[in-house]
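What follows is a set of notes on a single structure, which appears directly below.
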Amino acid sequence: MKNVVKRLAYSFFTIILAVTAIFFVIRMAPGDPVSRILGPEASLEEVFLYRQQLGLDLPLYKQYITYFLNLSKGDLGSSLYKKKDVFSLIKARMIPTFTLALLSIFISCILGTFLGALAAFYKSKTYDNVSRTISLLALSFPIFSLAPILVYIFAIKLKLVPVSEWGEIRHAILPVVTLVIPLSSIILRVARNKYLEESSAPWITVLKAKGMSEFGVFLRLVKVCLPSILNVVAIQLSIVLAGAMISETIFDIPGMGSLLFEGIQNRDYPIVQGVIIYSTIIYMCVYFLIDYLNSLIDPRIEF
Amino acid sequence: MKKINTEISLGIIIIAFLVFWSIGWELYGRFVMGSFLSPYTPASNIQKELIPPGSGDYLLGTDIYGRSVLEILSIGLSYSLSMALLVSFSAVSIGIIVGYLSVVGHKWVRVVSDLSTNLIFIFPRILIAIMIMSVTGQSFAGLLFALVITSWPGYAKIARGETMRVMGLAYVESAKAVGMSDMRLFFTVVLPSILPLLLVHFVMGISGVIISEATLGFLGLGGSEYSWGTMLSMAKNVLLEAPYLVIILSLSMVLPIMGLNLLGDGLRDYLDPHSSKE
């Protein structure tokens with residue numbers, strides 16, 4: 001329990017540091033959002049008034065304090081262009097991104113663990129070599145180069161799935177597949193190595209000598225391998241989140257990714273800031289959760 | 001001496017081919033005007049847009065601006081290879097220095113370097129790069145900065161761990177007791193033991209930088225129009241009219257990444273003392 005509190009405090013501290021860093025980096029940047037919004041024709045007075053309205057004329061430390069006070073109330077500020085609360089914008093766009101990310105993580109874990117165990121079982125046989133080669137090849141495709149090829153093959157040539165729509169479950173097939181292919185390959189490789197390492201351990205011999213069935217031994221092995229697989233997921237999580245955002249822009253899905261890139265294109269700093277802070281917080285929460293799960297699965301792992 | 005495995009040799013062949021191709025292309029483009037594979041300078045004839053590969057003078061066809069695909073690919077190759085090498089070398093140097101200082105430095109140096117490493121490490125990499133690029137605007141220096149900032153903490157973590165291990169060894173302790181300076185210790189003891197460890201990560205890191213750079217380009221945040229990502233996002237828009245563009249660009253982008261991954265993977269097996277020959 002004491003450790004949980006310590007970890008929570010640590011995570012909280014990191015998030016505050018992260019927010020601070022983002023705040024100052026954005027404000028260090030050259031260029032003024034106000035003159036961008038009002039355009040080059042705006043008079044000095046207009047610019048000045050608008051700055052005052054947005055609170056940009058205050059000294060930096062005061063801006064920082066107000067920003068933090070607002071943030072503690074869950075208020076991320078409002079978009080410079082859309083005149084809308086950033087939080088409500090993010091909330092509306094959150095579901096597609098999470099559907100994509102969670103679905104692909106879930107599928108990849110099952111697929112990767114199973115195929116990895118199979119590869120370890122058939123070590124140095126044809127299946128193992130083929131799966132190693134394919135997984136290495138799959139890892140070499142960046143998401144944004146995999147996605148158009150998949151769209152071309154499955155949506156345009158074979159007409160199995162729609163090109164870019166959102167709303168039904170079958171619209172999520174291609175985006176999820178693009179995310180599953182690299183993620184499951186990584187998990188496959190880790191699972192294979194971990195499985196090989198453990199399958200020659202003495203405790204496996206003992207279980208077999210006691211007369212446990214092959215399947216029972218297999219289940220025990222999978223359980224032992226789970227923490228390393230979850231750790232890989234934790235490390236890959238930022239890539240999955242970013243990947244979900246990238247595949248959103250390719251498949252025209254109204255998620256956090258497309259929000260972020262609209263924000264970047266319009267130089268809408270509050271939105272960019274908000275999305276990045278939000279995904280960092282989620283990232284840290286999941287990281288926390290995975291560490292906790294690992295300590296539940298394997299009591300030797302300290303939490 | 002272990003036998004060099006197939007992965008290493010395959011990776012080296014692919015990378016050597018690409019490096020020679022890009023150097024050769026640079027030399028050829030600079031010193032021999034035009035080229036015999038595609039005798040057209042980029043954007044010279046707008047009318048000839050979207051010619052499929054294999055037809056006439058264009059070996060790999062043309063893109064929407066009427067540029068020869070082979071030509072923009074080759075320019076993109078040398079751009080992304082040199083970028084990735086530059087970024088990785090800077091990142092590895094910063095990482096080693098910070099990692100070393102976070103062990104042997106003054107108390108405050110240690111705190112600051114540890115904190116900055118961890119702070120950058122917890123962020124999703126590509127998001128930091130996106131943030132920096134959206135702030136600095138699309139410039140070569142900004143891109144370089146964004147990529148280096150996101151790459152060095154990984155190296156620093158490894159360098160720190162290895163420095164900690166080495167500094168605790170008996171012979172290092174005695175060297176310190178005799179009065180060997182920190183600088184000399186760094187070059188004679190710490191560096192030689194860090195470098196082989198970092199080699200695998202360095203190779204994998206280069207392919208990571210290539211992917212990050214292309215991702216930024218794909219999202220419209222690249223530093224050059226010859227970034228492969230920028231080209232691919234252009235090709236994606238004409239997927240229906242010219243599917244060959246996407247396929248050629250994607251496959252050629254995979255080549256260096258795969259070569260580096262193969263090399264890294266093979267090196268890991270090769271350097272790992274636990275993996276006896278299979």
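Chain A is the first sequence line, chain B the second, and so forth, proteins listed ahead of strands; every chain is numbered from 1.
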* Rounded distance [0.5 Å steps], CD1 in A:I149 versus CG in B:L249 -> 10.0 Å
* Structure fact -> The reported gap from CD1 in B:I257 to CG in A:L136 (rounded to nearest 0.5 angstrom) is 11.5 Å
What are the two closest heavy atoms between [X] and [Y], and how far apart are they?
{"X": "A:S140", "Y": "B:M258", "answer": "OG-CA, 3.2 Å"}
{"X": "B:S250", "Y": "A:S145", "answer": "OG-O, 3.4 Å"}
{"X": "A:F144", "Y": "B:T215", "answer": "CE2-OG1, 3.1 Å"}

Identify which part of [X] has an atom lying under 4.5 Å from any heavy atom of chain A, answering side chain, backbone, both or neither.
{"X": "B:A235", "value": "neither"}
{"X": "B:L262", "value": "both"}
{"X": "B:L232", "value": "side chain"}

* Asked: Is A:F98 atom CZ crowded by more than 12 heavy atoms from other residues, nucleotides or ligands, each under 6.0 Å away?
  -> yes
* Asked: Hey, is OH on A:Y127 packed in by over 12 heavy atoms from elsewhere, all under 6.0 Å?
  -> yes
* Asked: Are any of the side-chain heavy atoms of A:Y152 and B:V246 separated by less than 4.5 Å?
  -> no
* To do: Quick one: which of B:N261, B:L255, B:I211, B:I247 has the most heavy-atom pairs under 4.5 Å with chain A, could you say?
  => B:N261
